[in-house]
Structures are given as structure tokens and as C-alpha cells.
2 protein chains.
Amino acid sequence: MNFQQLRSVREAVRCGFNLTEVATVLHTSQPGISRQIRDLEAEVGSPIFVRSGKRLTGLTEPGRAMLPLIERLLQDAQNLRRVGEEFAHEQRGTLSIAATHSQARYALPHAVRDFRAQFPEVSLHLHQGSPRQVASLLLAGEADIGIATEALASYPQLVTLPCYRWTHSVVVPHGHPLLRHERLELSHLAEHPIVTYDQGYTGRSHIDDAFAAAGLRPQVVIAAMDADVIKTYVELGLGIGIVASIAIDAERDRGLVGIDARHLFPLNLTRLALRRGSVLRGFGFAFIETFAPSLSRDAVVRAFLDSAHEDA
Amino acid sequence: MNFQQLRSVREAVRCGFNLTEVATVLHTSQPGISRQIRDLEAEVGSPIFVRSGKRLTGLTEPGRAMLPLIERLLQDAQNLRRVGEEFAHEQRGTLSIAATHSQARYALPHAVRDFRAQFPEVSLHLHQGSPRQVASLLLAGEADIGIATEALASYPQLVTLPCYRWTHSVVVPHGHPLLRHERLELSHLAEHPIVTYDQGYTGRSHIDDAFAAAGLRPQVVIAAMDADVIKTYVELGLGIGIVASIAIDAERDRGLVGIDARHLFPLNLTRLALRRGSVLRGFGFAFIETFAPSLSRDAVVRAFLDSAHEDA
DNA sequence: TATCCTTACGGAATTCGTAAGCATG
DNA sequence: CATGCTTACGAATTCCGTAAGGATA
């Protein structure tokens with residue numbers, strides 16, 4: 001048994017049982033992959049793949065039983081290398097962060113700047129995507145840390161930690177009639193066309209919940225995935241915007257006025273996620289603490305241990 | 001990275017950092033081991049062992065961090081082979097059971113007989129030892145299933161399951177004065193020299209607890225590790241015996257009389273233990289169910305999942 | 001017929017054991 | 001000076017890629 005065999009099996013599953021493709025991905029020859037797989041099957045004594053004729057078409061029952069073990073073996077091997085690196089070059093390496101647009105654009109910059117100053121030799125990769133994509137990147141091991149407000153808590157293979165709470169604001173062009181209200185109410189908002197986040201992004205569900213609870217049916221005319229787009233349409237007069245308060249910058253958004261709406265919508269909680277079974281390097285913990293000072297290294301490790309369910 | 005390197009490291013730790021011994025255990029040459037280790041250290045980029053001059057003397061800090069990962073990697077590799085075997089030969093293989101004398105002698109025989117009838121092609125290994133030795137055998141992966149009344153529950157790396165409850169009995173020679181009491185009391189027992197289990201065996205702690213709670217200081221003249229020895233000394237008239245009720249057989253123990261003492265001593269619970277991260281073969285589950293019918297395969301798997309703590 | 005897996009074969013790289021060298025308690 | 005690790009080297013093995021073969025949609 002060796003790791004190349006295990007990699008071949010894992011990749012074969014990922015590539016939909018096309019060994020030619022596996023060979024490309026693993027930078028080797030197709031007959032090589034074929035042999036790796038057959039050697040492993042011979043060693044464990046059970047076929048892993050279903051073959052119809054000469055093609056692989058799926059996993060056998062033993063194959064299904066083995067796959068999680070194989071994944072963990074390869075994961076642990078990588079973790080081993082990572083632990084070594086960690087001690088060899090505490091200050092060097094790569095940190096891969098997956099975040100939603102909102103986070104990458106508004107919440108992360110300060111943390112990134114401070115982190116870069118503290119660890120100039122760490123190369124920082126910033127992936128951007130929907131909350132589900134963030135989760136996928138984490139699960140695939142392509143990101144070390146994920147940050148999003150939605151969805152993350154529903155993946156059992158992820159450990160999530162609360163980072164910070166925030167609320168929405170309403171943005172309107174200067175002189176908009178909404179500005180005349182002393183205290184903004186949901187009913188006022190419902191009278192105007194609304195531009196806000198797409199379903200599944202940046203607390204959109206909380207916005208819908210609030211209106212639904214008040215028995216209102218707001219007219220969302222444009223739904224976007226990020227605040228910059230929303231603000232652009234608001235500036236064009238297409239409606240009033242509802243965005244995360246953090247996304248409003250008095251300096252930059254000269255043409256707009258923000259109205260605090262924390263009394264109208266439920267509080268949102270931005271979460272940070274890590275994959276179970278991953279090993280975070282020292283500077284990874286440092287980044288987390290920079291981003292959310294309450295999440296000390298100890299706090300993160302504790303959360304990991306407390307939530308160590310379903311491993312078998 | 002390959003498994004031989006990992007095995008070399010693990011064995012080096014187990015052999016107290018003597019690479020010559022490692023080479024013997026792994027059936028290879030000593031320079032080979034040397035290189036395996038150095039290659040791995042080169043690959044991960046950190047030294048794993050502390051060297052004073054040319055000798056290995058201990059683990060470095062990175063080494064200590066890596067060791068648990070290495071153990072799990074090798075464990076998973078073995079599990080992989082095991083899963084393969086499982087499907088290849090459902091009815092064949094080896095089942096290794098570690099139990100205390102009491103269990104092996106009195107509780108297991110029925111289960112073993114039935115199991116042998118059901119799986120004639122499975123070779124059954126029965127290790128015997130103190131509860132702590134049972135735990136060690138499990139932890140070292142040398143036993144698949146451990147059975148004992150004491151100690152097992154205190155190892156966080158073991159999952160334990162309750163099997164059955166039992167109580168102690170008093171044994172005396174025929175015509176012994178104790179037999180005159182209508183209802184036996186602890187104070188009666190305390191008037192006689194006592195022969196019972198050694199500390200740490202077969203509910204001895206419960207015996208001590210009961211006397212202590214009653215303010216009595218019984219005179220234990222002989223402490224043994226198993227009921228056969230105890231009964232022998234009782235037959236010789238050296239004292240009254242306190243043994244597990246199950247250990248008294250009216251047929252075999254003609255010279256003795258058993259007196260039920262369930263009202264005097266706390267109930268005992270015999271537990272079955274498995275190591276976390278081990279994979280039990282189908283017939284292993286079958287054995288458990290034969291031994292303790294309430295422990296169906298599902299019940300065992302559930303207990304495993306429920307107790308999946310501290311893994312990282 | 002194009003795609004995709006298997007078999008066959010030869011060269012290259014790795015691995016491994018023996019023998020010699022050297023440090024340490 | 002005996003034990004124990006390293007280095008050196010040559011042989012054996014394993015590994016891997018190319019090329020050809022055969023099955024399937």
C-alpha cells in the first residue's frame with residue numbers, strides 16, 4: 001500500500017471514474033493509474049471499483065466503505081507535512097482564505113493589512129464565492145479558513161466559530177423621501193422598490209424574515225450578490241438599498257445616505273469555519289485572532305475539541 | 001512519504017529510540033531504518049528525533065506533534081486492509097479478545113462456544129490479564145475486544161459498553177458457622193478471615209466500599225486474582241470467600257456452599273471496550289451480540305458515534 | 001470509430017542490504 | 001571497547017512511461 005495508490009483511487013472518484021483524466025490530474029500515465037488501482041485492490045483483497053467491461057463505472061460496496069478512510073489517510077499525510085513546515089518555517093507558508101464578497105470587501109481588509117505586516121513572508125490567497133462555495137473550498141481542502149454569514153453552520157464537517165455581529169442599514173440617494181421619517185419603520189420601506197442581496201447572501205434571509213413577520217410583502221426589484229452593485233443601482237435611483245451597515249462608507253459613497261436599520265432586522269452573525277481534521281498553522285491562528293480578537297488560539301482549539309462528533 | 005518511513009518512526013519510539021532494535025522488529029537492516037527516518041525528516045522539513053551525537057535520544061517538539069498523526073495514519077492503513085478482508089471473506093479472519101480471568105473463565109465460555117459454531121473459520125485468540133493489561137492490549141491494537149469489570153471506563157481512548165450486571169456471593173465450607181444466620185450481614189462476615197480478589201480485580205473496590213460504609217474493617221487474609229484460587233483457599237479452611245456469584249458452580253464446587261450476598265455489596269457492571277479508531281469486522285459485532293444480546297451491531301456503532309470526543 | 005482500459009516490455013530510478021567508518025558511554 | 005548510527009556502494013527490485021491490443025458506447 002502506498003500513497004500514490006490512494007491518491008489514484010481518490011482522484012478516480014473525483015474524476016467520475018475516468019482514469020485517463022486521473023492520469024492528467026496526477027501528472028502521470030494512464031496505465032500507471034490503472035496499475036495503482038489494481039495493485040491496491042489486490043492488496044486489500046476486494047474490488048474497489050465496479051467495472052462494466054473495461055470501464056470503471058462506480059464504487060463497489062467495499063469501495064464505498066474504504067473511501068472515507070482513504071480520504072482521511074491522504075488528509076493526515078498532508079497534515080503531517082504541514083506540521084513539519086510549521087516548525088521549520090514558523091513565519092513562512094501559505095494561508096488560503098475563502099470568504100464572501102461582503103467579507104472580503106468590507107470586513108477582511110483591516111485584518112489582512114495587519115496580518116501582512118505581522119507575517120510578511122506568508123503568502124495570502126483570498127478566494128471569493130457564495131457561502132456554499134466557501135464551504136466547498138473548505139471541504140475540498142483548498143481553503144484553510146472560511147468566512148461567511150450564511151450556510152456555514154449547516155455543514156457537519158465544518159467547525160464554525162462566531163466572529164462578530166452586525167446589522168443592516170438602508171441606503172438612499174440624497175433627498176430621498178425616506179429621510180423625512182424620524183424613526184424608520186418596515187412599512188415605510190415596503191412602499192419603495194428595494195435593491196438588496198440575493199437569496200442566500202449576507203443576511204438576506206433575515207431581511208425576508210423581518211418583512212414576513214410584519215405581514216409586509218416588499219418589492220425587491222433587484223437582488224445582487226454584493227453591496228457595491230446594490231449601491232450602484234440605488235445611486236441610479238432604481239430603489240432603496242438594504243445592505244450590511246459595514247458596507248456604507250460616508251467618504252466613498254458621497255451620493256448616498258445610510259440610515260441605521262438595526263431596529264428593523266434581526267441581528268446577523270458572521271461565522272468563521274474550519275474543516276474538521278485540518279491542521280491550521282500558527283499564523284492561521286494568528287490571522288483568526290487578528291480578524292476576531294475574541295478567537296484566541298485556545299478558543300479555536302477548544303471549539304474544535306468540543307465539536308468533535310461523527311468521525312468514524 | 002511512505003508507510004515504511006512512518007512505521008520506522010513509530011517503532012523507533014516504541015523501541016526507546018534504538019534503531020538496531022527497530023530493524024529487528026521490522027525485519028530489515030539498521031541502515032535502512034536510519035535512512036527511512038532521515039528521509040521522512042527531510043521531507044517534512046523538521047527533525048523528528050533528538051540526536052545527541054549519533055544516537056537518538058528522544059522526540060523533538062515537531063516529533064511529538066507528528067506522532068499522533070503517524071499513529072493514526074498507520075492505524076487507518078490497517079483498517080483499510082481490514083475493510084477489504086471483511087468483504088472478501090466475511091466468515092474468515094481472526095478475532096482477538098482480551099479479558100480478565102473472571103470473564104475468560106466464567107462469562108465467556110458460552111459465548112465462545114456459540115461463536116465458534118457460528119463462525120468456524122474465524123480463529124479466536126483469548127488474551128488474559130488484569131483490567132489494565134486488557135486496556136493496554138486494546139490500546140496497542142493487539143486485541144479487538146476487551147472485557148473487564150474494572151478500569152476500562154477510565155481510558156479516554158476506549159469506548160466502553162455495559163454488558164451485564166452481577167453481584168458477589170460468599171463461599172464457605174460445608175458446616176461453616178456463617179450458614180447458621182438466617183440473613184447474612186456484613187458484620188457477620190467481618191468476624192471471619194476473608195479470602196477475596198486483589199485490589200483492582202473483579203469488583204474488589206465495591207467490596208471495600210461496602211465494609212467501609214458500614215464502618216467495618218474486615219481482615220482480608222488472602223487476596224487473589226481469580227475465583228479458582230480463592231475457592232481453593234476457602235476449601236482449605238483459611239477463611240470465608242467473597243467471589244462473583246457466577247464463579248460458584250454447585251456441581252464443580254462440591255466442598256463449598258455459596259451464599260448470595262447481593263444485599264451486602266454494590267452491584268457490579270461488566271464492561272466491554274473497543275479502541276476508538278479501530279474497525280471491527282462483522283463477526284466481531286456478532287461475537288459482541290452473542291456475549292451481550294442487548295449490544296446489537298447498531299447499538300455498538302451508536303455508542304461509538306455518541307462518544308466521539310477528542311480526536312484532534 | 002473514438003474513447004478508454006488492459007497488457008507487454010524495456011529503461012530508469014529507487015530501494016535495500018552489506019561492509020566499512022566513526023562517535024559515544 | 002562495545003554499542004549504535006552514518007556513509008558508501010553495488011545489486012536487485014520496483015516503478016513508470018511508451019506502445020500495442022481489445023472492448024464498449
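Chain A is the first sequence line, chain B the second, and so forth, proteins listed ahead of strands; every chain is numbered from 1. Worth saying up front: this structure is predicted, and the values here are computed from it rather than measured.
Looking at residues two or more places apart in sequence or on another chain, you find a side-chain hydrogen bond (donor to acceptor under 3.5 Å, both in side chains) between Gln128(A) and His101(A). Here Ala273(A) pairs with Leu138(A), Leu152(A), Leu158(A), Thr160(A) under the side-chain contact (heavy atoms from CB on, under 4.5 Å) rule; sequence neighbours left out. Listed by chain and number, the residues in a side-chain contact (heavy atoms from CB on, under 4.5 Å) with Ser278(B) are Arg275(B), Phe304(B) (sequence neighbours excluded). Residues passing the side-chain hydrogen bond (donor to acceptor under 3.5 Å, both in side chains) test with Ser96(A), sequence neighbours excluded: His127(A). Under the side-chain hydrogen bond (donor to acceptor under 3.5 Å, both in side chains) criterion, His125(B) pairs with Ser123(B), not counting sequence neighbours.
Under the salt bridge (Lys or Arg N to Asp or Glu O under 4.0 Å) criterion, the residue pairs touching residues 120-145 of chain A are Arg82(A)-Asp144(A), with sequence neighbours excluded. The list of salt bridge (Lys or Arg N to Asp or Glu O under 4.0 Å) pairs with a residue in residues 36-48 of chain B, not counting sequence neighbours, reads Arg81(A)-Glu43(B), Glu41(B)-Arg51(B).
Look at Thr20(B) and you'll find a side-chain N or O under 4.0 angstrom from OP1 or OP2 of dC5(D).
Between Phe283(B) and Phe287(B), the ring centre distance reaches or exceeds 6.0 Å.
Using a cutoff of 4.0 Å between basic side-chain nitrogens and carboxylate oxygens, Arg281(A) and Glu85(A) are scored as salt-bridged.
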Could you pull out the protein-nucleic contacts involving nucleotides 10-16 of chain D (nitrogen or oxygen on both sides, under 3.5 Å)?
| residue | atom | partner | partner atom | Å |
| --- | --- | --- | --- | --- |
| dC16(D) | OP2 | Gln36(A) | NE2 | 3.0 |

Could you list, one pair per line, each protein nitrogen or oxygen that sits under 3.5 Å from a nitrogen or oxygen of nucleotides 23-25 of chain D, together with the distance?
| residue | atom | partner | partner atom | Å |
| --- | --- | --- | --- | --- |
| dT24(D) | O2 | Arg55(A) | NH2 | 3.0 |

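Gln133(B) places a side-chain N or O within donor-acceptor distance of the main-chain N or O of Ser130(B), the cut-off being under 3.5 Å. Listed for the Thr60(A) side chain is a donor-acceptor partner under 3.5 Å among the backbone atoms of Ile48(A).
In 5' to 3' order, the nucleotides of DNA chain C bounding all contacts with chain A (an atom under 4.0 Å from a heavy atom) are dT3(C) to dT7(C).
Nearer to the 5' terminus of DNA chain D, by closest-nucleotide assignment, is the contact made by Phe17(B) (compared with the other of Phe17(B) and Pro31(A)).
Rounded to a whole Å, the CZ atom of Arg38(B) is 10 Å from the P atom of dA8(D). Regarding Arg51(B), its CZ atom lies at a distance of 9 Å from the C1' atom of dC5(D), rounded to whole Å. Nucleotide dG4(D) holds its P atom 9 Å from the CD atom of Glu21(B), rounded to whole Å. Rounded to an integer number of Å, the gap from Phe49(B) CZ to dG4(D) C1' is 15 Å.
Taking a pair as Watson-Crick or G-U wobble with both distances under 3.5 Å, the runs of three or more consecutive pairs in DNA chain D are C:1-25 with D:1-25.
Within the cation-pi definition used here (under 6.0 Å to the ring centroid, within 45° of the axis), Arg204(A) does not qualify as a partner of Tyr197(A).
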Per-pair distances, 0.1 Å, donor-acceptor, side chain in residues 7-19 of chain B, under 3.5 Å, sequence neighbours excluded:
| residue | atom | partner | partner atom | Å |
| --- | --- | --- | --- | --- |
| Arg7(B) | NE | Gln4(B) | OE1 | 3.1 |
| Arg7(B) | NH2 | Gln4(B) | OE1 | 3.2 |
| Ser8(B) | OG | Gln4(B) | O | 2.8 |
| Asn18(B) | OD1 | Thr20(B) | N | 3.0 |
| Asn18(B) | OD1 | Glu21(B) | N | 3.1 |

